[in-house]
Amino acid sequence: MNNAVYKLERPSNELALDYRPGSEEACLLREEVERQRRMQVEIPMIIGGKEIRTGNVSDVVMPHDHAHKLGHFHKAGKAEVEMAIESALAARSEWALLSWEERVSIALKVAELISTKYRFMINAATMLGQSKNIWQAEIDSACEIADFLRFNCYNASELFSGQPVQSFSSMNRLEYRPLEGFVYTVTPFNFTAIACNLNMAPVIMGKVTVWKPATTSILSSYYLMKIYQEAGLPGGVINFVPGSGSVISDVVLKHKYFAGLHFTGSNETFNTLWQEISKNIHAYRSYPRVVGETGGKDFVFAHNSADLDELATAIVLGAFEYQGQKCSASSRSYIPKSIWPALKVKLLERIAKIRMGDPADPQNLMGAVIDEKAFDFIVSHIEAAKASSDVEVLAGSGHDKSKGYFIEPTLLLCKDPKYATMETELFGPVMSLAVYDDDKFEETLRLCDETSPYGLTGSVFSRDKYAATAACRALRYAAGNFYLNDKTTGAVVGQQPFGGSRGSGTNDKVGSSFNLIRWISPRSIKENFTPPKDVLYPHMG
């Protein structure tokens, strides 16, 4: 028995490669992209460590060239979902009893494999399957995955070391038990790192999962699952079950041992799942933990003291990197009238530099939006804005889905600060701006706070410290990740724990102990060295 007290050192963030032209990493990534582009991968379910095929398949395509098939995946039916639940429950006891050091050793090996051996493979899959450019793939599927895993392992070690006060007559201790049952993980298309973290965070804490990956990011998710297996994750701890969300959820949410939901996605889906959980609450062994990160209508708020070059760059990058398909992407801005004419010039200059196309081309900042449904929804709002007398289209608005789902970076000036695109989450490359009178700074802060039902990210640009402080106070609940003189995107694990409240989710801060503690159920244990032998207390004589 290993009875050593083991402590992990606080990790450093994974360094991103810059892929400069002619560099070794640029050449290796290009070769891997071309290798995967030539392949067609058959993607089975992986349940209990075994590959399962149903023959009910759907194609995996590239959003920027949707006629190009990268492969196909087998979809789960009711029987396969039930099999996945049984496999998870069969693995639960042994995995929970494994020491935390052994569990984190697997997670740390996954981090090492992804940051070294499989770095270019997972990046290429993210580029091709999710239309991310080189840099966006690197900071997501390589760096952020490694950071999530390493920081979660470190945070778990810190959490487990917390113990209660001792007394002379007893020994007190806390046992950090995993939740009793399995966790249902529903992962989104836009971040490979989130697909990893939503599973591995509960797994590090001793849980088992049934994983429903987004069908539009199925290639990178499948490679993640294969890497888990290579790292030594036992069969059944994570069960990879692609398919229809309604089919899978109908089985999962009725099961007695459903213990928790770890979710990132739309408000509509999250609300539906929560309602189903509530309907079935009487059937569960324990009250489930519901952890979710949903939508955002993220803002950039400028004071008239803002540096215009910094402000313009933050608006353009925050709104248009990865086609605006980040939960944290900027999509509404509030600009003082006195700086608007000069800022407008700088915005248009920066937007004119943006190239759009195949993300494997290092000159392209933008790729395609994820699928036709997303394309049609975003375009419907752009076309409505073009027809509205309340909106002036300053840049972009073009779109074409003949080859890929391409939408130009679009800048809208809204006369009405409550126009639809100032309030509605579009999840695409559209930035809406409202111009306000300089003397209505505080009034417009209140407008910003009240306009959106969300509370995910936001930023304030000001060189006036009093104004910045006033904005920070006024927008206290408007953003769970709040930035001063920075864009709304790019939270780094260990530095800016990510998550929002209001309509943006449960704010359990992924990559931190706030999230990990949701997957355990502590037990207090007291051993009394001197139990009483009489029923009378001393004051009774």
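Positions are given from 1, in the same order as the sequence printed here.
- The aromatic rings of Tyr222 and Phe240 lie tilted to each other, with the angle between the two planes from 30° to 60°.
- Note that CZ of Phe191 and NZ of Lys326 are 5.0 Å apart. Values are rounded to the nearest 0.5 Å.
- Salt-bridge check for Asp437 with Lys337: passed, with a basic side-chain N closer than 4.0 Å to an acidic carboxylate O.
- Less than 6.0 angstrom separates the ring centroid of Phe301 from the ring centroid of Tyr436.
- Judged by distance alone, the side chains of Asn304 and Ser338 never bring a donor and an acceptor atom under 3.5 Å apart.
- Atom NZ of Lys69 has 12 or fewer heavy atoms from other residues, nucleotides or ligands within 6.0 Å.
- Within the model, atoms NE2 of His399 and CD of Glu383 stand 4.0 Å from one another, a figure rounded to the nearest 0.5 Å.
- Inspection of the Asn507 and Ser501 side chains reveals no N or O donor paired with an N or O acceptor under 3.5 Å.
- Looking only at atom types and distance, the side chain of Lys487 has no donor-acceptor partner in the side chain of Ser330 under 3.5 Å away.
- When the shell of 6.0 Å around CD of Glu442 is examined, it contains 12 or fewer heavy atoms from other residues, nucleotides or ligands.
- Side-chain atoms of Ser220 and Gln130 form a donor-acceptor pair, as typed in the model, at a separation below 3.5 Å.
- Taking CZ from Arg332 and OG1 from Thr424, the interatomic distance works out to 11.0 Å, rounded to the nearest 0.5 Å.
- With no hydrogens or angles considered, a side-chain donor-acceptor pair links Ser131 and His64 at under 3.5 Å.
- Using modelled atom types, one finds no donor on one side chain facing an acceptor on the other under 3.5 Å when comparing Ser462 with Asp464.
- Residue Tyr477 places its OH atom among 12 or fewer non-hydrogen atoms of other residues, nucleotides or ligands, all under 6.0 Å distant.
- Salt bridge annotation for Arg463-Glu310: absent, with no cationic side-chain nitrogen under 4.0 angstrom from a carboxylate oxygen.
- Between atom CD of residue Glu372 and atom NE2 of residue His66 there is a gap of 7.0 Å, rounded to the nearest 0.5 Å.
- At most 12 non-hydrogen atoms from other residues, nucleotides or ligands lie less than 6.0 angstrom from CG of Leu15.
- The side-chain contact (heavy atoms from CB on, under 4.5 Å) search around Ala16 returns Trp135, Glu138, Ile139, Cys143, not counting sequence neighbours.
- Note: Phe299 and Tyr454 fail the aromatic proximity criterion, with ring centroids not under 6.0 Å apart.
- A perpendicular orientation is assigned to the rings of Phe189 and Phe427, their planes being inclined by more than 60° (bins at 30° and 60°).
- A distance of 6.5 Å separates OG in Ser23 from CG in Asp18, rounded to the nearest 0.5 Å.
- Judged purely by distance below 3.5 Å, without hydrogens or angles, the side chains of Asp147 and Asn13 pair a donor atom with an acceptor atom.
- Side-chain atoms of Asp486 and Ser459 include no donor-acceptor pair closer than 3.5 Å.
- Interatomic distance, OG1 of Thr488 versus CZ of Phe482, reported as 12.0 Å (0.5 Å rounding).
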